[in-house]
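Read the structure below first, then the notes.
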Amino acid sequence: MANKKKVIVTGFEPFGEHTVNSSWVAVQELDRLGLGEAVDLYVCEVPVEYQAVQSLLPSLWKNKEKLPFLVHVGVSGLATTVTLEQCGHNEGYRRLDNCSYCPASQCCMENGPDCINSVLDMDAVCRKVNDSGLGVVVSVSKDAGRYLCDYTYYTSLYLGQGRSAFIHVPPLGKPYSSWELGKALQAIVREMLELLELDRAEEEHKYHDHCHHQHQHQHQHAH
């Protein structure tokens with residue numbers, strides 16, 4: 001298929017009490033399930049290190065015109081649902097990473113906006129997936145936690161002009177299995193792709209309407 005969509009989904013390595021990181025386990029499960037024939041899925045494990053994120057993300061976004069969006073998945077010990085994060089934050093990074101490091105400025109991007117929203121309407125994605133009878137509860141949050149998850153999300157939103165998504169998953173078995181989390185990621189990413197496709201079609205429609213209107217306007221003036 002000539003115009004296959006390329007989608008990259010990342011998970012995180014173990015850290016702290018998360019000796020098995022359910023985000024990477026869920027992403028590997030998604031990799032096994034796939035996103036269908038029309039999508040080339042690539043997965044990548046991200047180190048829980050601020051500096052590694054700063055060098056890795058620009059390389060993931062390198063061919064951004066070929067990438068509809070980037071999806072990041074992280075674990076939250078507090079989560080009992082699969083949580084879609086609407087925005088990333090620039091400041092407040094005081095927690096030390098796996099290398100016992102945190103940015104001296106405690107922020108992602110010097111002089112960057114305080115908060116960047118995803119272009120995706122997470123409430124709409126959440127509604128669709130919850131209505132699909134998947135058996136996994138999905139919710140929406142506006143606070144990704146001011147650690148590597150939030151840091152990665154903000155950096156990705158900044159580099160990708162908002163074309164990024166972040167999904168928090170609970171630890172394995174609390175309450176979902178790796179297979180259930182993989183199925184949830186599959187449903188969520190498919191829904192996001194569909195939503196982006198609809199938005200693109202709407203934009204094109206508006207653009208064609210605008211061009212048509214301008215053409216008519218010029219035509220009238222020509223008489």
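Taking a cutoff of 4.0 Å between a charged side-chain nitrogen and a carboxylate oxygen, K4 and D40 qualify as a salt bridge. Salt bridge status for K5 with E197: present, with a side-chain N to carboxylate O gap under 4.0 Å.
T10 and H72 form a side-chain donor-acceptor contact under 3.5 Å, judged by distance and modelled atom types alone. Side-chain atoms of S23 and N21 form a donor-acceptor pair, as typed in the model, at a separation below 3.5 Å.
To the nearest 0.5 angstrom, E180 atom CD is 8.5 Å from L134 atom CG. In this structure, CG in L157 is found 8.5 Å from SG in C87, a value given to the nearest 0.5 Å. Note that the CG atom of N90 and the CG atom of D114 stand 7.0 Å from one another [nearest 0.5 Å]. Rounding to the nearest 0.5 Å places CG of L57 at 13.0 Å from OH of Y153. D121 contributes atom CG, which lies 10.5 Å from atom NZ of K128 (distance to the nearest 0.5 angstrom).
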Hey, mind stepping through E29 and W179 against side chain to side chain contact (heavy atoms under 4.5 Å, CB included) and telling me if it holds?
-> CA-CA 6 Å; E29 195 61 54; W179 185 80; 3.7 Å; yes
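The 12-atom threshold is exceeded at OH of Y50, counting heavy atoms of other residues, nucleotides or ligands nearer than 6.0 Å.
Geometric assessment of R95 against the ring of Y147 yields a positive cation-pi assignment under the 6.0 Å and 45° thresholds.
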